[in-house]
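What follows is one structure encoded as structure tokens, with my remarks underneath.
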Amino acid sequence: MSTQTGLFRPSTLRSLPAYAGLTVLTAVIVFPLYYAVAGSVMTDRELTSFPPALFPSEFTLRNYADVLDAIPLIRQYFNSIFVALVVVGGAVLTSLLAAYAFVFLRFPLKNTLFALFLVTIMVPGESLIIPNYLTISNLGLLDTFPALTLPFLAMGFGTFLLRQFFASFPKEIYEAARMDGCSHMRFMFSILTPLSRPALAALAIYAFITTYNKYFWPLLVTRTPEMQTLQIGLSQLRSLEARDPGLILAGVTLAIIPMLILIYFFQRNIIRGLTSGSVK
Amino acid sequence: MSQPAATKTRISGTAPPSVPVGKRPKYNRRELLTAALLLLPSMAIFAVFNFYPLFQSIYLSLHANDILGLPTRFVGMDQYIEFFSNPELRRITVVTAVFVVMTALPSVVIGIFLALTLQARIRGVNVFRTLMSTPFGFSAAATAVVFAVFFNPAVGVFNGILRMMGMDSVGWLTNPTFALPSLAMVCVWGNIGYTLLVASAGLQNIPDELYEAARLDGAGRWTVIRQVVLPLLTPTIFFLIVIMTINSLQTFGEIHILTGGGPNGATTTLVYGIYQTAFAYGGSNYGLASVQAVVLLVVVTAATWLQFRVLQRKVFYG
């Protein structure tokens, strides 16, 4: 991303108000993150004082110890990351296979089938949640990992994204490889996949973020704290808000670390995914 | 898509003599089999978790149910009529509409405003952009619990600030007038990281020369924004409005954690209505909940379809 596409002219002196303005705006936006981190090392006496304390005057790690006692946070951390990784692996693979068929193979009803994939993007999951809950319940899968992952192992948006990307793949390479007797599978995994890394990365990051942050579905299909994801664990802390705000803030700080790493360091890949027609 | 490839191979080879002219098989059997195998995993998942529940939701919405939620008899549109005529249920539609407007519009406007400020030609502007995208890293649950701490009537920062300014404390989430705007504010904060990133990406596509040309013509900064930047940004703005509308319609975590739909239904939107009717308080009224699911489905699908249409146009003429 170039910083040179400027709406405003550069000038050393005139950039001072710009810095000041941006600093104020950034401070306001980042405040909840700042408060979560700062508050997580403050004592509860300080957090509930008046006027509100914004800087920790004494440093404590009590809140972190307390939050680990309040919910099985480490187990839930593992659940969240494990579920997100399984969904990433599954959704990227099924999307890759389907997008390959849509771009490189000839078969009847191609447009109709692709329209069905698009339908899955348009239909909100919340509208399907009752029958899906009943399906999972009837299969005896409530409170298991398959309940948390199975419905998301295919992804209409992923197929859509990869199809767009493969459509601009040079046809000559495909033809040459096929002429040389390269099988579809070999072409897909040893030529196409390495050359499509940016699109696959964008899709993987998108799938990871949406799965890790999911709330409604895990709330419904998990029962025990040991099977709950981190998001549901966090929501259980909410009732402690008045008595033990530091504990909540310690939980939030721990929960958002992986997401902040992703969005701070992979911003370019994320924007690619965001701007190609995604639904957050 | 693969038309050229297929034509080429057919020209280079000769058609098998057994096939009469004009009746050549259009598709290669091996290729058909490969395509079927490649599409199968996705289609199987979609069949079970997308298409079946789609019809099942509609089916449930047309049937009354017993106390376990199982459908008993066909009632046609009765439950739809009830949903739109019972004043308590009709309120859900109103709350949803107000919530969507209060969330989607500020999210888009603030996102574009921030993206414009990030066009400043100064060193380190990307650091500001990265920091400002922070809310995007916050899940619904993380956002909600942090703001729950802020909103706490007795010890929260928000009331602390009000009291420092000599004003009375506010029941941010418990006062029926304030609850929905408070919730919208939380969601707006959660959205602006995303909207500013998308708006920034849109601004990167506007060529520098256009600014220069406008500036040379003596246009002021505000004129350039209004006459050059915003018109060229229209596709992005439209995209953001649709996405934010859909996103607000689907909001669940913040409501569940912060207000539980209350006080007294003041923050019960469609999605929360589905949850309450179907799963909360031991009630399993799947029929009435499915009515809300289908209404949500119609609204969200219409919005997404609109977005696809405009996106296609952007692809073709952009």
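Throughout, protein chains are lettered first and strands after them, A, B, ... in sequence-line order, and every chain is numbered starting at 1.
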Q) With a 4.5 angstrom heavy-atom cut-off, which part of B:F151 approaches chain A: side chain, backbone, both or neither? A) neither
(Q) At a 4.5 Å cut-off on heavy atoms, which part of B:I192 comes close to chain A: side chain, backbone, both, or neither? (A) side chain
Q. How long is the gap from CZ on B:F150 to CZ on A:F31, to the nearest 0.5 Å?
A. 4.5 Å
Q. Taking all non-hydrogen atoms of both residues, which atom of A:N132 and which atom of B:P53 are closest, and how far apart?
A. OD1-CG, 3.3 Å
Q. Contact part of B:L258 toward chain A, heavy-atom cut-off under 4.5 Å: side chain, backbone, both or neither?
A. both
Q. Taking side chain as C-beta onward, heavy atoms only, is B:F128 less than 4.5 Å from A:I29?
A. no
Q.
For a quick test of reading the model, state the closest non-hydrogen atom pair linking A:S235 to B:V145 and the distance between them.
A. CA-CG1, 4.3 Å
Q. Under the side-chain contact (heavy atoms from CB on, under 4.5 Å) criterion, do B:F279 and A:I130 qualify, and how do the steps go?
A. CA-CA 9 Å; B:F279 302 110; A:I130 297 166; 4.1 Å; yes
(Q) Quick check on the interface: out of A:K214, A:M155, A:R178, who has the most heavy-atom pairs with chain B under 4.5 Å? (A) A:M155
(Q) Is B:L40 close to chain A through its backbone or its side chain, or both, or neither, when contacts mean heavy atoms under 4.5 Å? (A) neither
Q.
I'd like to know which of A:L93, A:T120, A:I256 tops the heavy-atom pair count under 4.5 Å against chain B.
A. A:T120
**Q.** Under 4.5 Å from a heavy atom of chain A, the part of B:F158 involved
**A.** neither
Q.
For A:M259 versus B:G137, what's the shortest heavy-atom pair and its separation?
A. CB-O, 3.1 Å
Q | Top of A:L54, A:L219, A:L249, A:L118 for chain B proximity - count of heavy-atom pairs under 4.5 angstrom | A | A:L219
Q: Name the region of B:A148, side chain, backbone, both or neither, that has any atom closer than 4.5 Å to a heavy atom of chain A.
A: both
Q: Without swapping roles, check the side chain of A:Y215 against the backbone of B:E254 for a donor-acceptor pair under 3.5 Å.
A: no
(Q) Just so I know, are the side chains of B:F51 and A:V119 near enough to count as touching, which here means a heavy-atom distance under 4.5 Å? (A) yes
Q. Nearest 0.5 Å, what's the CZ-CG distance between B:F136 and A:L262?
A. 9.5 Å
Q: Nearest 0.5 Å please: distance from the CG atom of A:L116 over to the CE atom of B:M43.
A: 5.0 Å
**Q.** Side chain to side chain, A:T135 and B:Y52, heavy atoms closer than 4.5 Å
**A.** yes
Q: For each of B:M132, B:Q292, B:Q56, tally heavy-atom pairs with chain A at distances under 4.5 Å, and name the one with the top tally.
A: B:M132
(Q) For B:Q250 versus A:G125, what's the shortest heavy-atom pair and its separation? (A) NE2-N, 4.3 Å
Q. Which atoms form the tightest heavy-atom contact between B:I274 and A:E126, and what is the distance?
A. CD1-O, 3.9 Å
Q.
Is B:V228 in contact with chain A via its backbone, its side chain, both, or neither, using a 4.5 Å heavy-atom distance?
A. neither
Q | Residue, of A:V28, A:I232, A:L33, A:I261, that accumulates the most heavy atom pairs under 4.5 Å with chain B | A | A:L33
Q: Might you work through the ring-ring contact (aromatic ring centres under 6.0 Å, His included) test for B:F49 and A:F152, ending with a clear yes or no?
A: CA-CA 9 Å; B:F49 294 107; A:F152 312 107; 8.1 Å; no
Q) Between the side chain of B:S57 and the main-chain N/O of A:S127, is any donor-acceptor distance below 3.5 Å? A) yes
(Q) Would you say OH of A:Y19 has more than 12 non-hydrogen atoms from neighbouring residues, nucleotides or ligands within 6.0 angstrom? (A) yes
Q | chain B interface, residue from A:T253, A:L134, A:L230 that has the most non-hydrogen pairs under 4.5 Å | A | A:L134
**Q.** Atom of A:L25, atom of B:L114 and distance for their closest heavy-atom approach
**A.** CD1-CD2, 4.0 Å
Q: Please state whether the side chain, the backbone, both or neither of B:W189 comes within less than 4.5 Å of a heavy atom of chain A.
A: side chain
Q: Tell me, for A:V123 versus chain B, whether the close heavy atoms (under 4.5 Å) come from the side chain, the backbone, both or neither.
A: both
Q. Rounded to the nearest 0.5 Å, how far does NE2 of A:H184 lie from CZ of B:R30?
A. 7.5 Å
Q) Is there a side-chain contact between A:P108 and B:Y27 (heavy atoms, below 4.5 Å)? A) yes
(Q) Measuring only between side-chain heavy atoms, which start at C-beta, is A:L22 closer than 4.5 Å to B:I122? (A) yes
Q) Between A:L113, A:L150, A:L237, which residue shows the highest count of heavy-atom pairs closer than 4.5 Å to chain B? A) A:L150
Q: Taking the side chain as every heavy atom from C-beta outward, state whether A:P124 and B:L249 have any pair of such atoms under 4.5 Å apart.
A: no
Q: Indicate yes or no: at least one non-hydrogen side-chain atom of B:F138 is less than 4.5 angstrom from one of A:N213.
A: no
Q) When rounded to the nearest 0.5 angstrom, what distance separates CG in B:L38 from CZ in A:F104? A) 11.5 Å
Q: Kindly compute the distance separating CG (B:L54) from CG (A:L128), expressed to the nearest 0.5 Å.
A: 6.0 Å
Q.
Looking at B:R163, I'd like to know if its CZ atom is crowded, meaning that more than 12 non-hydrogen atoms belonging to other residues, nucleotides or ligands lie closer than 6.0 Å.
A. yes
Q: Taking A:R106 for its side chain and B:N28 for its backbone only, find out whether a donor-acceptor pair lies under 3.5 Å.
A: no
Q. Where do A:F117 and B:L39 land on the side-chain contact (heavy atoms from CB on, under 4.5 Å) test, with the steps shown first?
A. CA-CA 10 Å; A:F117 276 64; B:L39 293 177; 4.2 Å; yes
Q: Please identify each residue that fulfils side chain to side chain donor-acceptor pair (under 3.5 Å) with B:S133, with sequence neighbours left out.
A: A:Q267
